[in-house]
Protein chains: 2
Amino acid sequence: MPASSLEPLHQESTPSIIARKIRTAIGNGEFEPGTQLGEADLAGRLGVSRGPLREAMQRLTQEGLLISIRNRGLFVVEPTPADISDIYLTRTAVERGAALKIIELDRTGSEAGAELLAIVEKMAALGPGSDPAELSLIDLSFHEAMVRWASSKRLTRIHRTLVTETRMCLVALEQAEYSLQHRVDEHRHIAEAILAGDVPALHRALAEHMDSAIAQLLEPLADGAGTD
Amino acid sequence: MPASSLEPLHQESTPSIIARKIRTAIGNGEFEPGTQLGEADLAGRLGVSRGPLREAMQRLTQEGLLISIRNRGLFVVEPTPADISDIYLTRTAVERGAALKIIELDRTGSEAGAELLAIVEKMAALGPGSDPAELSLIDLSFHEAMVRWASSKRLTRIHRTLVTETRMCLVALEQAEYSLQHRVDEHRHIAEAILAGDVPALHRALAEHMDSAIAQLLEPLADGAGTD
DNA sequence: GGTTGTAGGATTGTTTGCATCCGACAAAAC
DNA sequence: GTTTTGTCGGATGCAAACAATCCTACAACC
């Protein structure tokens with residue numbers, strides 16, 4: 001066996017594993033919004049006891065993916081239009097902070113900008129009418145990379161939750177069609193602003209991206225968005 | 001009794017109560033950083049069983065207030081200089097997003113700006129050499145009000161955790177002395193920018209506030225801050 | 001007919017107990 | 001004297017059982 005196989009194994013705690021499994025399941029839309037997640041059922045299906053499962057659910061509840069009604073059970077949240085706006089508002093706040101830190105760390109943002117532009121190119125390489133799921137994957141990887149380059153523990157942790165919520169909304173709303181070209185342009189603007197260290201341009205690009213994303217998601221609902 | 005007393009009562013869950021109690025205890029510095037929090041001990045002292053207590057600890061761990069070492073126990077985190085920078089970076093990102101939303105909601109930011117300025121005046125009313133704890137309280141209430149006016153569920157939730165972490169750092173570092181006048185000015189700049197709807201000024205004011213706060217906290221350590 | 005009271009079933013909330021793991025101390029071997 | 005090793009105590013991780021609460025449905029009453 002190679003020596004690499006005896007690195008200090010970090011056994012993940014059982015609640016962590018459970019939480020991750022359910023989180024991705026929700027992100028993939030395997031649990032419809034509004035579904036009740038029975039403890040005994042899930043525990044049996046995962047082969048664990050209710051104790052660790054409850055702790056995992058506790059996490060997901062705090063992350064905002066589930067809501068807990070006392071003596072009733074746990075339910076997958078049903079994002080309202082206000083929630084969708086709020087998710088994007090928060091995501092933009094986090095990503096704005098991340099981008100500013102990248103620029104501050106390295107005024108040219110060379111490495112980060114390069115990777116981000118590469119992702120944009122990969123997105124642009126997708127022809128029109130390509131798989132929407134794949135497009136979403138690349139889209140989110142762009143934002144994930146941006147936050148990662150900021151190397152901030154807290155921004156990264158918060159962003160992970162927000163990405164899951166975003167995926168949930170995308171799945172729930174069936175990912176309305178949206179101009180690929182606009183999308184590529186918006187991301188390119190962000191990447192170029194980081195690369196150039198142009199803070200005002202970054203603010204414009206992020207605001208543009210958030211507005212169009214919200215518009216895209218709220219349009220099919222044809223419902224005036226509340227403020228809360 | 002007035003009719004307002006029969007709104008749908010939301011009984012808080014036991015883990016919520018426990019989490020809040022311990023959170024504030026940590027924020028108040030009743031548990032030194034690095035202290036081990038034994039489950040059996042705490043459970044006995046709070047009069048609950050280990051189950052609910054573990055769920056509460058799970059939350060606090062995810063919030064970043066505790067670290068869990070498998071089969072060893074739970075410990076209060078010891079914020080490193082890098083953590084302090086990260087906390088303020090994240091807090092600024094959240095508050096920046098909140099302030100921008102306030103401006104967007106109401107370009108004059110009249111109500112919010114008025115309350116914020118009132119808090120600033122209360123801070124200014126404190127003479128030099130006043131109780132540092134009281135000053136901190138007003139300081140944090142300013143930031144808390146700013147996020148509250150944005151009426152964003154997610155920003156509010158994230159901010160609550162960050163405020164706790166901030167308080168922990170302040171307690172741990174004994175709240176170094178800092179010019180009251182500078183502090184008042186910084187907050188006033190933020191409030192005035194919101195009141196005027198002046199976005200560039202807001203960015204400047206927030207950056208200024210973050211930088212001086214970090215400088216204030218890191219100075220006594222006389223240690224070059226890492227980037228992670 | 002509509003409302004109220006009451007069992008039934010099911011689910012969550014909590015407690016208790018056992019298994020596992022880690023760190024520390026002491027004893028033995030080199 | 002130093003190193004290794006065995007054992008002990010305590011803490012967490014997990015699982016199962018008990019208790020309390022809530023929803024649903026049906027029957028009795030106004």
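- Qualifying salt bridge (charged side-chain N to carboxylate O under 4.0 Å, His left out) partners for Arg96(B), counting only residues two or more places apart in sequence or in other chains: none.
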Worksheet item: Reading nucleotides 5-19 of chain C 5' to 3', which nucleotides get B (base under 4.0 Å from a protein heavy atom), which S (sugar-phosphate only), which -?
Response: -------BBBBBB--

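- Side-chain contact check for His159(B) and Glu95(B): at least one donor-acceptor pair (N or O, by modelled atom type) lies under 3.5 Å.
- For Arg50(A), the salt bridge (charged side-chain N to carboxylate O under 4.0 Å, His left out) partners at least two apart in sequence or on another chain are Glu39(A).
- Considering only residues two or more places apart in sequence or on other chains, Asp41(B) meets the salt bridge (charged side-chain N to carboxylate O under 4.0 Å, His left out) condition with Arg45(B).
- Partners of Ser16(A) under the side-chain hydrogen bond (donor to acceptor under 3.5 Å, both in side chains) rule, at least two apart in sequence or in another chain, are Ser13(A), Arg59(A).
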Contacts under 3.5 angstrom, residues 25-33 of chain A side chains, donor-acceptor by atom type, not counting sequence neighbours:
from, atom 1, to, atom 2, distance (Å)
Asn28(A), OD1, Arg167(A), NH2, 2.5
Asn28(A), ND2, Thr24(A), O, 3.2

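- The stretch residues 57-66 of chain B has no heavy atom under 4.0 angstrom from DNA chain D at all.
- With sequence neighbours excluded, the residues forming a side-chain hydrogen bond (donor to acceptor under 3.5 Å, both in side chains) with Arg23(B) are Glu63(B), listed by chain and number.
- Annotation: proximity of residues 17-26 of chain A to DNA chain D (heavy atom, distance under 4.0 Å) is found for no residue.
- When the ring-ring contact (aromatic ring centres under 6.0 Å, His included) test is applied to His143(B), the partners found at least two apart in sequence or on another chain are His187(B), His209(B).
- Applying the salt bridge (charged side-chain N to carboxylate O under 4.0 Å, His left out) test to Arg70(A) and every residue at least two apart in sequence or in another chain returns nothing.
- Qualifying side-chain hydrogen bond (donor to acceptor under 3.5 Å, both in side chains) partners for Arg72(B), counting only residues two or more places apart in sequence or in other chains: none.
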